[in-house]
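Every value quoted in this text rests on a predicted model; they were computed, and no experiment measured them. Any value given below was found using the heavy atoms of this structure, including those in side chains, with hydrogens, waters and symmetry copies removed.
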Amino acid sequence: MHKKLILLGLVAATSAFAQSSITDEEFSVAQLAAKMEHGELSSHALVQRYLDRIAKIDKTGPAINAIIELNPDALSIADQLD
């Protein structure tokens with residue numbers, strides 16, 4: 001669980017909120033941790049949402065280029081945490 005919270009903290013730092021796969025509802029880190037603890041959200045799914053959001057907003061769309069570098073192993077690390 002501790003590793004998952006570290007991952008959540010790092011991921012949360014990249015964006016103001018995570019997108020739900022169903023809605024644009026905003027979640028706090030505590031809410032995301034609870035969803036993970038209850039099996040409603042995996043580390044892989046959360047990281048993928050952030051990667052998709054970064055691609056959508058930071059690299060295309062408004063193209064604000066706020067993210068300098070992404071860990072190319074982020075999804076495999078998330079898989080190890082699941």
**Prompt:** Are the side chain of Asp58 and the backbone N or O of Ala66 linked by a donor-acceptor pair below 3.5 Å?
**Reply:** yes
**Request:** Compare all side-chain heavy atoms of Met36 with those of Ser43 and state whether any distance is below 4.5 angstrom.
**Result:** yes
**Message:** Can you see whether Asp79 engages His44 through a side-chain donor-acceptor pair at a distance of less than 3.5 angstrom?
**Reply:** yes
**Request:** State which residues pass side-chain contact (heavy atoms from CB on, under 4.5 Å) with Ile57; sequence neighbours excluded, sorted by chain then number.
**Result:** Arg53, Pro62, Ile64
**Item:** For Gln48, side-chain hydrogen bond (donor to acceptor under 3.5 Å, both in side chains) partners two or more places apart
**Value:** Asp52
**Prompt:** Remaining members of Ile68's ILVMFWY cluster at a side-chain heavy-atom cut-off under 4.5 Å?
**Reply:** none
**Asked** Nearest 0.5 Å, what's the OH-NZ distance between Tyr50 and Lys56?
**Response** 14.5 Å
**Request:** Show your working on side-chain contact (heavy atoms from CB on, under 4.5 Å) between Leu32 and Glu37 and close with a plain yes or no.
**Result:** CA-CA 9 Å; Leu32 291 171; Glu37 188 138 334; over 6 Å; no
**Request:** Quick one: list whatever passes side-chain contact (heavy atoms from CB on, under 4.5 Å) with Ala55, sequence neighbours left out.
**Result:** none
**Complete:** Hits for side-chain contact (heavy atoms from CB on, under 4.5 Å) against Ser76, two or more places apart or cross-chain, chain-then-number order -> Asp73
**Message:** So, using salt bridge (charged side-chain N to carboxylate O under 4.0 Å, His left out) as the criterion, who are the partners of Glu40 when residues are at least two apart?
**Reply:** Lys35
**Prompt:** In Å, rounded to the nearest 0.5 Å, how long is the span from CG of Leu46 to CG of Leu75?
**Reply:** 10.5 Å
